[in-house]
Amino acid sequence: MHRPWSNLRARVFPDHWSLLFGQIAFYSFVVIVLSGVVLTVYYEPSVDHVVYDGPYAPLHGVEMSRALDSTMAITFEVRGGLLMRQVHHWATLIMVAAITLHLLRLFFTAGFRRPRRLNWLVVVGLLIVMLAACLTGTSLPDDMASGTSLAVLDGVLQATPLVGSALSALLFGGQFPGDVISWFYPLHIVVLPAVLVVLFVVGAVLALRHKPAQLAGPGRTEDNVVGRPATVAAVKSVGLFCFVAGVAIFMAATAAINPVWLYGPADPANASAGVGPAWYLAFLDGALRLAPGWEFVWWGKTFSLAVLLPVTICTLFLALVAVYPFIEERLTGDRRHHHLLERPRNNPTRTGIGVAGITFYGILWAAAGADTMAVLFHLSVNSLLHVFQVLVILGPPAALVITRQICNGLQERDTRIAVLGVETGQVVRRTDGGYVEQHRPVDVYRRWRLVGASAENRALTAQTIPATTDAKHEGAERQA
């Protein structure tokens with residue numbers, strides 16, 4: 001009966017800071033749930049209109065929905081309400097950032113290879129579901145900023161061929177803006193959190209089922225795990241939860257976020273100026289801004305590429321991210337199980353692809369703020385958008401090529417250091433009258449970290465360093 005617990009206590013877990021992003025994401029989710037429960041007690045998911053008569057004087061007598069009225073009450077009338085709102089929001093941002101960094105860490109260290117391909121899909125699913133939870137959550141206050149976001153969403157739905165109008169009517173319960181809160185509220189507080197819980201559980205089960213992946217190093221092989229006992233890892237994990245909760249509370253207490261009282265109630269006839277999408281959704285807005293305003297008529301229907309093209313490209317981008325492990329496995333033919341992680345520089349092609357994807361995302365993300373950049377730097381917004389259009393096409397291939405060259409150069413440098421040692425800056429004279437720089441040999445651990453202990457790396461070392469260079473190094477050591 002106690003065997004599963006005994007087996008778990010006997011396990012060893014790798015100890016490295018880059019492996020903590022998944023735990024940070026989960027603990028942020030715990031903070032989100034706890035603060036969300038408090039907010040749910042006071043929030044009213046209703047679009048029925050009332051006249052505001054709360055303590056915030058600038059909005060006295062303004063007609064607004066009960067959703068915004070209850071949000072204002074939470075902010076100004078419930079003790080600790082503003083703190084809970086901001087904890088909820090900051091913890092959400094921490095979670096999205098942690099999941100994104102965890103995904104990048106898995107990609108660049110090849111943590112997605114067999115037998116962890118399903119783990120990769122779970123993390124991608126966590127990111128997508130969390131983005132959906134963020135979208136539904138930001139719409140619940142029913143303020144001007146969220147109303148503008150919903151107007152953009154309605155435009156995207158309306159531009160969908162054949163079924164766009166039906167989708168918009170279904171989501172908004174008729175004509176925009178309708179009663180979208182009646183849909184988003186149960187999704188945000190029940191459905192999407194339940195899906196996130198399931199994904200976290202599945203990810204934990206898969207992580208326990210497979211041997212923990214670890215960074216390469218002396219004494220670490222595909223058949224063992226070097227790290228800390230489960231009891232020590234559990235204590236550190238509790239400390240990490242306290243740290244994550246403390247950071248979220250500190251940020252909520254010192255930095256204002258989503259001040260709905262400044263925006264006022266949502267109004268479909270107006271749009272909020274100077275307010276952009278959240279950073280994690282900005283790439284979608286940037287794609288919409290960069291798409292050319294093309295459209296064509298087919299079968300009596302008007303198709304707008306200004307919306308279809310960016311939505312399709314962003315969807316394909318996320319789909320490629322999800323299936324990348326399967327594509328790489330098929331192209332390389334590597335079906336072995338791997339428990340050692342790779343250094344990014346040791347796989348230039350994969351690292352180049354990752355940097356190209358980051359460049360593509362970053363350009364779209366920056367394009368979402370083109371209007372703000374134009375105002376701050378006194379530039380033409382159209383000129384900026386043209387520059388971003390060029391960059392989004394040429395930037396990713398250039399990033400791929402440059403990254404490959406950098407990785408190849410770093411590999412050659414590592415090999416030379418492993419064979420020749422570290423340059424000391426001391427020049428000695430040889431017996432034949434020539435001069436050579438003296439090198440300090442590296443220890444076994446660093447040599448292993450630089451070139452590894454595999455036969456392939458040893459062969460690479462022998463091929464990379466010319467024999468004449470080895471002879472010069474030996475002569476310098478004898479002279480010293």
Side-chain angles (χ1 to χ4, degrees), residues 16 18 100-113 120 213 215-217 283 286 290 313 316-317 320-321 323-334 338 340-367 387-425 437 439 442 445-470 472-473:
H16 192 269
S18 65
T100 303
L101 292 174
H102 183 55
L103 197 66
L104 291 174
R105 197 270 300 176
L106 290 178
F107 182 88
F108 285 110
T109 61
F112 54 78
R113 295 177 296 178
W120 172 266
L215 296 172
F283 76 103
L290 295 185
I313 290 176
L316 289 177
F317 176 73
L320 285 175
V321 170
V323 302
Y324 178 84
F326 304 91
I327 297 176
E328 180 177 301
E329 180 181 292
R330 185 172 183 84
L331 293 178
T332 61
D334 184 6
H338 297 274
L340 286 178
L341 302 175
E342 287 186 340
R343 297 181 75 193
R345 66 182 64 181
N346 292 339
N347 196 314
T349 300
R350 181 196 303 127
T351 303
I353 293 174
V355 174
I358 293 175
T359 302
F360 176 77
Y361 174 90
I363 293 172
L364 294 183
W365 179 83
V387 171
F388 283 125
Q389 287 173 339
V390 174
L391 288 177
V392 81
I393 297 174
L394 301 181
L400 172 61
V401 174
I402 294 173
T403 302
R404 279 178 51 87
Q405 294 297 323
I406 292 175
C407 289
N408 289 329
L410 290 174
Q411 286 189 64
E412 182 178 351
R413 172 182 173 273
D414 289 346
T415 306
R416 289 185 177 277
I417 292 176
V419 175
L420 300 179
V422 180
E423 297 178 356
T424 62
E437 184 178 10
H439 291 72
V442 298
Y445 182 86
R446 187 175 181 187
R447 185 182 299 112
W448 205 104
R449 182 174 178 270
L450 291 172
V451 296
S454 65
E456 296 177 357
N457 286 329
R458 288 197 298 268
L460 176 63
T461 302
Q463 294 173 4
T464 304
I465 305 300
T468 55
T469 306
D470 292 339
K472 291 180 180 180
H473 177 58

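These numbers come from a predicted model, not from an experiment. Positions are given from 1, in the same order as the sequence printed here.
Pairing each heavy atom of F112 with each of L106, the nearest pair is CD2-O, 3.5 Å. Residues G111 and L341 come closest through the heavy atom pair CA-CD2, 3.7 Å. Nearest approach of L400 to G352, heavy atoms of both residues: CD1-C, 3.2 Å. Minimum heavy-atom separation, A399 to A356: CB-CA, 4.1 Å.
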Exercise for the section: I would like to know whether R113 and E342 meet salt bridge (Lys or Arg N to Asp or Glu O under 4.0 Å); could you show each step before the answer? Expected result: CA-CA 11 Å; R113 295 177 296 178; E342 287 186 340; 3.4 Å; yes

Practice task
Check the pair L104 / I358 against side-chain contact (heavy atoms from CB on, under 4.5 Å), numbers first and verdict last.
Solution key: CA-CA 9 Å; L104 291 174; I358 293 175; 4.1 Å; yes

Problem - Test side-chain contact (heavy atoms from CB on, under 4.5 Å) applied to L103 and V321, step by step - result: CA-CA 10 Å; L103 197 66; V321 170; 4.2 Å; yes

Problem - CA sep, side-chain torsions, deciding dist, call: V422, I417, side-chain contact (heavy atoms from CB on, under 4.5 Å) - result: CA-CA 6 Å; V422 180; I417 292 176; 4.2 Å; yes

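A donor-acceptor distance shorter than 3.5 angstrom exists from the side chain of T351 to the backbone of P344, with no hydrogens or angles considered. No donor-acceptor pair closer than 3.5 Å links the side chain of E423 to the backbone N or O of H439.
Each ring-ring contact (aromatic ring centres under 6.0 Å, His included) pair with one or both residues in residues 388-415, not counting sequence neighbours, would appear here, but there are none.
Residues that satisfy the ring pair (Phe, Tyr, Trp, His ring centres under 6.0 Å) test with W365, not counting sequence neighbours, are absent from this structure. By the side-chain hydrogen bond (donor to acceptor under 3.5 Å, both in side chains) test, E329 pairs with R114, R117, R335, sequence neighbours left out. When the side-chain contact (heavy atoms from CB on, under 4.5 Å) test is applied to I393, no partner is found at least two apart in sequence or on another chain. In this structure R404 satisfies the salt bridge (charged side-chain N to carboxylate O under 4.0 Å, His left out) test with no other residue, sequence neighbours excluded. Residues that satisfy the side-chain hydrogen bond (donor to acceptor under 3.5 Å, both in side chains) test with D414, not counting sequence neighbours, are R343, R345.
Looking at L320 and I327, their side chains come closer than 4.5 Å, going by heavy atoms from C-beta outward. With a 4.5 Å cut-off on side-chain heavy atoms, V323 and W120 do not count as touching. Q411 places a side-chain heavy atom less than 4.5 Å from the side chain of P348. With a 4.5 Å cut-off on side-chain heavy atoms, T403 and C407 count as touching.
Using bins of under 30°, 30° to 60° and over 60° for the plane-to-plane angle, the ring pair Y324/F107 lands in the tilted bin.
Atom CZ of residue F317 and atom CG of residue L364 lie 8.0 Å apart, to the nearest 0.5 angstrom.
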